[in-house]
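All remarks here apply to the structure that follows.
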Protein chains: 2
Amino acid sequence: MATRAKRAAKRRAALTRERILRAAINLADRDGIESLSMRKLGQKLGVEAMSLYNHCQNKVDVLDGMVDIVFGEIDLPANGVDWQIAMRKRAVSARQALLRHPWAIGLMESRATPGPATLRHHDWVLGTLRTAGFSIDMAAHAYSILDGYIYGFTLTELTLPFSNSEGAAGVAEIAGNILEGFRPDEYPHLAEMAVDRAMKPGYKYGDEFEYGLDLILDGIHRAQDSV
Amino acid sequence: MATRAKRAAKRRAALTRERILRAAINLADRDGIESLSMRKLGQKLGVEAMSLYNHCQNKVDVLDGMVDIVFGEIDLPANGVDWQIAMRKRAVSARQALLRHPWAIGLMESRATPGPATLRHHDWVLGTLRTAGFSIDMAAHAYSILDGYIYGFTLTELTLPFSNSEGAAGVAEIAGNILEGFRPDEYPHLAEMAVDRAMKPGYKYGDEFEYGLDLILDGIHRAQDSV
DNA sequence: ACCTGAACACCGTTCAAGT
DNA sequence: ACCTGAACACCGTTCAAGT
């Protein structure tokens, strides 16, 4: 069995932190973060779980690395663009990255040490605002509102029971949820909203994102001008 | 030992779903959600872990119940108040509840079935806006922006490495984080922000919350007027 | 009706032993 | 230098047995 192990080792690429993190992201995307274990991760890479500890400190380190990769997937428009357009593009790309990796937001809450892609991202946002003439205080305000909105909206979107369903199947599912979940007279406004919007074919909660984003960008623009 | 068990059973109050959820919240507040286990929860209540399954379906059910209790802790001002004041009060109270229970936001992402307090909360928000004359579409917009901001801001606040520190100790800690974490010339705008704001004594990131909240409420007010 | 002990199929992580 | 097997101290949950 020594020969069998050797052959297996030859067949597979060398284990690296990078490969481990990629595999972990794939597993989490497919099966959910709660079912990601060091043992399954090793198995996916054709290796015993214990081998992972030669390349990552522990599971927390793996989770930190995964979050940093998600940050790295967010597009940061080239310098020189109007700040409002740049912030808008970044916000849209951030939401998409967070939807691709639904486990990421939940993980952020407990990450203590931001990785290099995370730091680069934040530095880019602040730099774009400062270059556009924002004061330090105003840049902090804008940064805090925008990031709050992006994370919070996407979190809400991911939490909705029907976020990913579309078309007829989605409508049926929504109707089912509503009728099962609560009596309409107990929550009349929720029922009204569900019937008039959520159950309309073609409705997607995600479409709300850009309305709020533009309202916020407009508010920041207004506050910035009045300084 | 039959007598010993009986005596212990007499000494403690009857096990109920309510008592289990309260104990779970206390444990999660104190030790973090990741260390909450059915075994420790049982121990805290003077009972074997298996007894919990007589009152809760499983651990997911316990987590659902915990989140619903947090929603129940958010103050909903009495009817008849100006919508802007009502939304402001609710937002402030929601942030406070989420800060009291730092594990709640991370949990929301994966909750499939909202509890009664959660439904009542959402119904109240929509009702307040509709009563104030918001169209269904505009109520949906407002609701989505506000909740996005509240969750997202608080999530960011909880993620910050120095969120809870204050005064001299806080400043020292921040300075340490900055000097260790990254070279200032690598992330110049982050460094600038840290030195000019975060390291100033008395700085609290949470103070940003109301600035953004008012900017958003103002934007909603403006959009509502222009309809 | 409620509680429990034993058991099952899992975890993350350490460490000495292998190559 | 990297990988592994065995071991330790944990998990959530089922189930038959107790009261």
Side-chain angles (χ1 to χ4, degrees), chain A residues 1-21 23-25 27-28 30-67 103 106-107 110-112, chain B residues 1-21 23-25 27-28 30-67 103 106-107 110-112:
Chain A
M1 38 183 164
T3 56
R4 191 157 65 89
K6 245 185 242 170
R7 244 184 285 126
K10 225 154 237 169
R11 214 182 302 123
R12 67 181 177 248
L15 213 53
T16 62
R17 184 165 201 271
E18 180 71 15
R19 280 192 65 229
I20 291 172
L21 296 180
I25 288 175
L27 275 181
R30 203 187 59 191
D31 302 332
I33 192 75
E34 69 285 348
S35 94
L36 176 68
S37 72
M38 296 299 268
R39 282 165 150 102
K40 285 187 197 157
L41 186 49
Q43 199 183 325
K44 171 108 174 198
L45 291 159
V47 113
E48 297 298 318
M50 301 74 201
S51 307
L52 303 174
Y53 289 85
N54 287 307
H55 303 92
C56 300
Q57 293 203 324
N58 47 38
K59 192 176 180 181
V60 166
D61 183 37
V62 172
L63 297 175
D64 281 336
M66 292 167 72
V67 168
W103 42 266
L107 242 48
S110 46
R111 288 317 87 199
Chain B
M1 41 183 163
T3 55
R4 191 157 66 90
K6 245 185 240 167
R7 243 185 284 128
K10 229 153 233 170
R11 213 180 304 125
R12 65 178 179 249
L15 213 54
T16 62
R17 186 164 200 271
E18 180 71 15
R19 280 192 67 227
I20 292 172
L21 296 180
I25 288 176
L27 275 181
R30 203 189 58 189
D31 302 333
I33 192 76
E34 69 285 347
S35 94
L36 176 68
S37 72
M38 296 299 268
R39 283 166 150 100
K40 285 187 198 157
L41 187 48
Q43 198 182 326
K44 171 109 174 197
L45 291 160
V47 112
E48 296 299 316
M50 302 74 199
S51 306
L52 303 174
Y53 289 85
N54 286 309
H55 304 91
C56 301
Q57 293 202 324
N58 48 37
K59 192 176 179 181
V60 166
D61 182 37
V62 172
L63 297 176
D64 280 337
M66 292 168 71
V67 168
W103 41 267
L107 240 50
S110 45
R111 287 318 86 198

Between the protein and nucleotides 8-12 of chain C, list every N/O to N/O distance that falls short of 3.5 Å.
residue : atom : partner : partner atom : Å
C:dC11  : OP1  : A:S37   : OG           : 3.3
C:dG12  : OP1  : A:M38   : N            : 3.1
C:dG12  : OP1  : A:K59   : NZ           : 3.0
C:dG12  : OP2  : A:M38   : N            : 2.9
C:dG12  : N7   : A:R39   : NH1          : 2.3
C:dG12  : O6   : A:R39   : NH1          : 3.4
C:dG12  : O6   : A:R39   : NH2          : 3.2

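- The separation between B:H55 atom NE2 and C:dC2 atom C1' is 7 Å, rounded to whole Å.
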Quick one: the dot-bracket string of DNA chain C, using Watson-Crick and G-U wobble pairs with both distances under 3.5 Å, [ ] for crossing pairs and | for bases paired to another strand.
||.|||||...|||||.||
Step by step, would you call A:L36 with A:M66 a side-chain contact (heavy atoms from CB on, under 4.5 Å)?
CA-CA 12 Å; A:L36 176 68; A:M66 292 167 72; 3.9 Å; yes
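- How far CD1 of B:I33 is from CD1 of B:I25: 9.0 Å, rounded to the nearest 0.5 Å.
- For residues 51-65 of chain A, the salt bridge (charged side-chain N to carboxylate O under 4.0 Å, His left out) pairs, not counting sequence neighbours, are A:R17-A:D61, A:D64-A:R111.
- Not counting sequence neighbours, the partners of B:E18 by the side chain to side chain contact (heavy atoms under 4.5 Å, CB included) test are B:T16, B:R22.
- Taking atom CE of residue A:M50 and atom C1' of nucleotide C:dA16, one finds them 13 Å apart after rounding to whole Å.
- Between the CD atom of B:E48 and the P atom of D:dT19 there is a distance of 16 Å, rounded to whole Å.
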Below 3.5 Å, can you tabulate the donor-acceptor pairs from side chains in residues 44-57 of chain B to any protein atom, sequence neighbours excluded?
residue : atom : partner : partner atom : Å
B:S51   : OG   : B:E48   : O            : 3.4
B:N54   : ND2  : B:S51   : O            : 3.4
B:H55   : NE2  : B:L15   : O            : 3.1

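- Residues passing the salt bridge (Lys or Arg N to Asp or Glu O under 4.0 Å) test with A:R39, sequence neighbours excluded: none.
- Contact record, A:L27 with A:L41: CD1-CA, 3.9 Å, taken as the closest heavy-atom pair.
- At whole-Å resolution of the value, CG in A:N54 and C1' in D:dG5 are 15 Å apart.
- For A:S51 and D:dC2, the shortest distance from a side-chain N or O to OP1 or OP2 is not below 4.0 Å.
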